[in-house]
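Take a look at the structure below.
Letters A, B, ... mirror the listed sequences (proteins, then strands); counts begin at 1.
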Amino acid sequence: MGTKNILLNVFKKYLAIGLVGITVTDRYGGVCPIRGSSMSPTFNPSLESFTDDYVFLEKFCLDKYKFSHGDVVIFSDPTNYKERCVKRILAMEGDYISNVGGVVKVPEGHCWVEGDNSASSFDSRSFGPIPLGLIHGRVTHIVWPPQRIRKIDRRIPQEGLAM
Amino acid sequence: MVTPNFFWTVCKSSFTVGLIGLTISDRVASIVPVRGFSMSPTFNPHESTSLGLFTDDHVLVEKRCLTDYKFSHGDVVVFCSPSSYKEKHIKRITAMPGDWISVPYSYDTVKIPEGHCWVEGDNPTNSMDSRSFGPIPLGLIRGRVTHILWPPQRVGKIDRKFPQSGLAF
């Protein structure tokens with residue numbers, strides 16, 4: 001009888017911890033790995049380390065919907081909804097962006113995202129502006145590997161935006 | 001010593017119940033009211049009077065489809081509006097990626113791009129849907145409607161309805 005009680009208690013504790021973990025990851029923040037080099041040198045600068053960068057993703061911005069120019073965000077790929085991409089927001093709704101093929105106005109409720117490594121990035125220059133509803137969270141810090149732990153700053157780009 | 005222990009136990013129990021409820025609502029299913037008449041007669045078939053909240057249909061939205069990603073023609077889905085991301089809409093999927101749709105009032109046909117779908121309300125005269133804002137990315141979908149749960153006389157399963165008009169192959 002003693003063993004059963006102990007097992008039940010342990011099970012309940014792990015269940016509670018698991019639930020708290022799931023809820024926090026869904027609603028507030030989490031850690032995820034970055035693949036690919038479309039955001040070099042901000043993430044995964046090619047020769048510096050063995051492992052992919054892991055970043056902290058915060059989801060408080062989703063409730064208040066406070067995105068702005070220069071934020072690095074994680075969003076569902078509009079061409080393949082099973083995958084997620086990480087890019088930087090270059091323009092919000094109402095801005096004009098100069099793309100190959102002319103000047104594009106970003107429609108209401110959308111934003112324009114581009115990777116920091118323009119040469120090797122599949123972004124809004126290919127699939128156009130994305131609805132803000134696709135965004136899953138905003139990247140605030142790199143948390144791994146230890147030598148690259150740092151805050152991600154908002155960087156306002158100078159070229160490309162025609163106001 | 002009984003009262004503080006009892007109070008603490010009640011606190012822990014309600015916290016756990018709250019967490020379980022939140023997790024189920026986020027990942028398994030939740031109940032939402034349907035506003036507006038863009039999906040008549042499937043939802044809200046009658047013009048509402050001042051009763052409002054009591055006569056809106058409440059539906060069960062299941063979210064398991066988001067992990068399995070199994071959407072198909074005729075599903076009624078809840079999605080974030082592409083022009084106003086704080087709002088959610090309920091419409092029916094009438095075309096999936098690769099299908100061709102004929103745009104009303106013009107002679108164009110639009111091919112649905114990869115990863116997008118075309119949504120329309122069952123009540124075409126009173127519905128703001130893909131005919132206004134174009135195909136939407138499947139990533140905007142937040143769940144699929146399976147049953148009406150309220151009012152009691154309208155409890156039932158929502159069927160997939162395949163539309164006959166508008167699709168040009």
Side-chain angles (χ1 to χ4, degrees), chain A residues 8-9 11-28 30 59 61-67 73-85 87 89 92-94 105-111 113 122 124 126-138, chain B residues 8-9 11-28 30 63 65-72 77-89 93 96-98 111-117 119 128 130 132-144:
Chain A
L8 195 63
N9 277 340
F11 174 71
K12 282 201 293 192
K13 278 216 171 71
Y14 277 120
L15 183 69
I17 292 176
L19 273 186
V20 170
I22 286 178
T23 309
V24 166
T25 324
D26 277 350
R27 289 171 166 251
Y28 301 116
K59 305 194 182 198
C61 57
L62 295 176
D63 274 341
K64 307 191 183 69
Y65 289 106
K66 284 220 169 67
F67 303 114
V73 292
I74 292 193
F75 56 93
S76 293
D77 187 349
T79 54
N80 181 2
Y81 48 88
K82 302 191 198 197
E83 295 189 1
R84 296 194 189 179
C85 309
K87 300 280 179 284
I89 293 181
M92 297 292 290
E93 52 197 352
K105 182 174 186 200
V106 179
E108 195 191 341
H110 288 61
C111 63
V113 289
F122 181 57
S124 281
S126 321
F127 48 68
I130 60 164
L132 287 163
L134 286 179
I135 294 181
H136 287 286
R138 180 176 54 181
Chain B
W8 177 239
T9 315
C11 254
K12 278 201 298 189
S13 299
S14 23
F15 182 69
T16 315
V17 167
L19 265 191
I20 292 179
L22 214 59
T23 309
I24 290 181
S25 160
D26 278 349
R27 286 173 171 248
V28 179
S30 61
K63 311 203 179 187
C65 60
L66 296 176
T67 40
D68 299 334
Y69 290 108
K70 287 218 167 73
F71 303 114
S72 50
V77 290
V78 175
F79 58 93
C80 286
S81 165
S83 44
S84 162
Y85 45 84
K86 302 189 198 200
E87 292 176 7
K88 296 203 185 136
H89 294 325
I93 294 181
M96 294 294 284
K111 182 170 190 211
I112 310 290
E114 203 189 329
H116 289 59
C117 63
V119 288
M128 197 176 85
S130 282
S132 323
F133 46 68
I136 60 163
L138 287 161
L140 286 179
I141 293 179
R142 294 285 175 260
R144 181 177 54 178

With a 4.0 Å cut-off on N to O distance, would you call B/Arg27 and A/Asp26 a salt bridge? yes
Under 4.5 Å from any heavy atom of chain A - which part of B/Phe79: neither
Heavy-atom count around A/Lys59 NZ within 6.0 Å, excluding the residue itself: above 12? yes
Does A/Tyr81 form a side chain to side chain contact (heavy atoms under 4.5 Å, CB included) with B/His116? I'd like the steps, not just the answer. CA-CA 8 Å; A/Tyr81 48 88; B/His116 289 59; over 6 Å; no
Check this for me: A/Phe122, atom CZ, are more than 12 non-hydrogen atoms of other residues, nucleotides or ligands nearer than 6.0 Å? yes
Highest number of heavy-atom pairs under 4.5 Å with chain A: which of B/Pro113, B/Ser84, B/Gly115? B/Gly115
Please classify the contact of A/Pro78 with chain B as side chain, backbone, both or neither, using a heavy-atom distance under 4.5 Å. both
Among the listed options B/Ile20, B/Leu22, B/Thr16, B/Ile141, the residue most often paired with chain A at heavy-atom distances under 4.5 Å: B/Leu22
